[in-house]
Amino acid sequence: MNEVRPSSRFAAFLSGLALQAGYNYEGFQHIGFAACLLPALRDLYPDPADQAEAVARHLEFFNANPYLAPFAVGALMRMEQQLATGTDGTVTVQGTSRIKRALGSMLGGMGDRFLWAGLLPLSIAAAMMAFFIEPLWGALTLLLLFNLAQLIMRAEGQRVGFRLGARAAPVLAGEVGVKAVRWVQRFAALLIGLLLPVVVAHPQTPAFPLSAGLVAAGAGLMMLAGTRRLYRVFSLLLLTALVSLYALLT
Amino acid sequence: VSAWLIIAVAGGIAAADTTALFQGMLFQPLVVGTLLGAALGLPLEGALLGGLLQLLWISDLPIGGASFPDIGPASAGVIGGVLLVGVPEPVSLGQAGLAAVICALPLAWLAGRTVIWQRRYQRGMAPRALAAVRAHRPGYLRWLLVEGITLSFVRGALFAFTAALLTGRLLPLLWSPTRLPDPNYWLLLTVLAGAGAAQAAGLLDLRTAWPWLVAGLLLGILGVWWL
């Protein structure tokens with residue numbers, strides 16, 4: 001009976017690191033996703049014609065958060081195995097395609113909230129704290145914290161996805177994902193809050209009332225600028241100009 | 001020559017990391033600045049400039065198909081240019097930081113446009129991938145990924161090199177004969193730290209996270225007062 005070998009699962013994990021390399025506005029991550037499944041499909045379909053047909057099926061549109069996409073890769077590997085061996089009659093070609101689309105949009109939304117709007121601000125806040133203590137530690141803190149978390153998520157995501165197969169989608173949409181997002185964002189908020197007094201009290205930054213005023217001015221202007229990128233850029237330039245003017249006058 | 005090559009390689013690595021391979025935050029300005037500074041023999045100056053630029057773009061993220069400022073190659077070019085030209089000139093850290101901020105903001109936007117151009121070009125990969133698979137050559141998919149990584153690297157390297165050249169040309173004009181005012185690096189960093197914190201907080205769902213933000217603030221004040 002054909003099964004996905006552990007070495008193929010490891011190869012899929014490695015390919016997942018380059019998931020976005022073939023990113024384009026037609027199929028988005030489709031080439032990367034098909035390349036991730038390739039070792040598994042070679043195990044499952046020794047016949048070149050069957051193999052080509054299976055790979056071609058996975059060249060359809062796919063887009064998810066790249067750090068959580070291994071979850072979908074794992075789930076699809078399991079479903080392809082069930083399809084190839086016929087061990088689960090409920091798994092069909094159309095079903096794998098449907099699950100893949102559902103997982104893609106779920107992983108995209110959840111991953112963006114967890115990674116980009118949770119883990120990344122948390123890591124940057126920690127890195128900036130380290131930077132204010134010793135400038136050379138900042139980069140190291142950011143790299144260690146973010147990459148440790150993202151590599152564990154990629155590996156565990158693929159493992160759990162492979163274990164769950166078609167059941168992956170309902171599990172992901174459940175309470176676990178929501179709780180994870182909530183807690184990572186809370187810790188990020190805590191660290192951002194901690195960072196501000198560190199900046200204000202730093203021996204190199206201006207003395208207390210001025211430093212607190214500068215931090216408040218920077219934060220206030222950025223909040224006024226809102227989410228529009230152009231306004232933010234103008235606000236940053238305005239802040240820089242005002243600081244330069246202040247330095248010139250004093 | 002080797003210093004310009006180092007800047008180009010740093011830009012290439014940053015661009016590949018942003019969009020093609022690993023996405024391990026090697027493209028963040030703080031990391032680019034520290035590593036590039038270390039490679040050019042000025043680790044502290046590199047880290048300080050990187051830390052300043054880091055605060056500009058916290059909420060600009062390389063998400064999916066959205067357009068975003070490509071901060072990695074832009075930071076490599078600007079920091080490299082400032083370090084190469086600024087150090088031989090008698091330039092203060094504040095002036096270097098001010099120049100880096102002024103140059104980096106438009107250059108990052110321009111670098112972001114090159115990402116869109118690359119992704120448009122890569123549309124051509126879709127029919128090539130399908131044709132190769134139908135011809136029973138599925139291994140070709142991996143070559144397409146290698147091609148994507150190479151394109152990203154070359155794009156980032158060329159951009160960083162050009163940005164460093166531009167920054168290097170521009171800086172002496174700004175500094176001499178009418179010098180830029182020296183804004184004091186730490187003054188600039190303090191105001192941008194506020195802006196960066198607001199950007200980071202804006203990414204969070206503050207309806208549920210705000211008590212944690214306040215708790216962190218109070219804890220920080222207590223800790224600073226205690227120490």
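Numbered from 1 within each chain, the chains take letters A, B, ... in sequence-line order.
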Test item: A:Tyr23 side-chain N/O and B:Gly148 main-chain N/O as donor-acceptor pair under 3.5 Å:
no

Side chain of A:Asn147, backbone of B:Gly24: donor and acceptor closer than 3.5 Å?
yes

Engaged part of [X] at the chain A interface, taking heavy atoms whose separation is under 4.5 Å:
{"X": "B:Leu192", "value": "side chain"}
{"X": "B:Leu219", "value": "both"}
{"X": "B:Pro62", "value": "both"}
{"X": "B:Tyr121", "value": "neither"}
{"X": "B:Leu145", "value": "both"}
{"X": "B:Ile116", "value": "both"}

Is [X] close to chain B through its backbone or its side chain, or both, or neither, when contacts mean heavy atoms under 4.5 Å?
{"X": "A:Ala49", "result": "both"}
{"X": "A:Leu59", "result": "side chain"}
{"X": "A:Phe146", "result": "side chain"}
{"X": "A:Leu191", "result": "neither"}
{"X": "A:Arg154", "result": "side chain"}
{"X": "A:Leu142", "result": "side chain"}

Just jot down the salt bridge (Lys or Arg N to Asp or Glu O under 4.0 Å) partners of B:Arg207, sequence neighbours excluded, or say none.
B:Asp205

Taking all non-hydrogen atoms of both residues into account, name the closest pair between [X] and [Y] and its distance.
{"X": "A:Phe28", "Y": "B:Gly65", "result": "CE2-CA, 4.3 Å"}
{"X": "B:Val133", "Y": "A:Ala56", "result": "CG1-N, 3.7 Å"}
{"X": "A:Val243", "Y": "B:Pro183", "result": "CG1-O, 3.9 Å"}
{"X": "A:Pro66", "Y": "B:Gln23", "result": "CG-OE1, 3.0 Å"}
{"X": "A:Leu196", "Y": "B:Ala197", "result": "CD2-CB, 3.6 Å"}

Please rank [options] by heavy-atom pairs under 4.5 Å with chain B and give me the top one.
{"options": "A:Leu239, A:Val199, A:Asn63, A:Leu143", "value": "A:Leu143"}
{"options": "A:Ala35, A:Ala247, A:Ala188, A:Ala139", "value": "A:Ala139"}
{"options": "A:Met223, A:Met128, A:Gln51", "value": "A:Met128"}

Looking only at heavy atoms and a cut-off of under 4.5 Å, which of [options] has the most pairs with chain A?
{"options": "B:Gly196, B:Ala132, B:Gly220", "answer": "B:Gly220"}
{"options": "B:Leu188, B:Val214, B:Val32", "answer": "B:Leu188"}
{"options": "B:Ala198, B:Gly94, B:Gly37, B:Gly50", "answer": "B:Ala198"}
{"options": "B:Leu203, B:Leu141, B:Thr208, B:Val191", "answer": "B:Val191"}

CA sep, side-chain torsions, deciding dist, call: A:Met222, B:Ser59, side-chain contact (heavy atoms from CB on, under 4.5 Å)
CA-CA 11 Å; A:Met222 204 43 59; B:Ser59 57; over 6 Å; no

Ordered numerically, the heavy-atom neighbours of chain A under 4.5 Å found in residues 10-20 of chain B are B:Thr19, B:Ala20

When you measure from the centre of the six-membered ring of A:Tyr25, is the NZ or CZ of B:Arg123 closer than 6.0 Å and no more than 45° off the axis?
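Here B:Arg123 fails the 6.0 Å and 45° test against A:Tyr25.
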
Which label fits A:His202 and B:Trp186: parallel for a plane angle under 30°, tilted from 30 to 60°, or perpendicular past 60°?
parallel

Residue pair A:Thr205, B:Leu189: steps toward the side-chain contact (heavy atoms from CB on, under 4.5 Å) verdict:
CA-CA 8 Å; A:Thr205 55; B:Leu189 190 71; 5.6 Å; no

Audit row: A:Ile192, B:Leu204, side-chain contact (heavy atoms from CB on, under 4.5 Å) steps and yes/no:
CA-CA 11 Å; A:Ile192 294 165; B:Leu204 311 175; 3.9 Å; yes

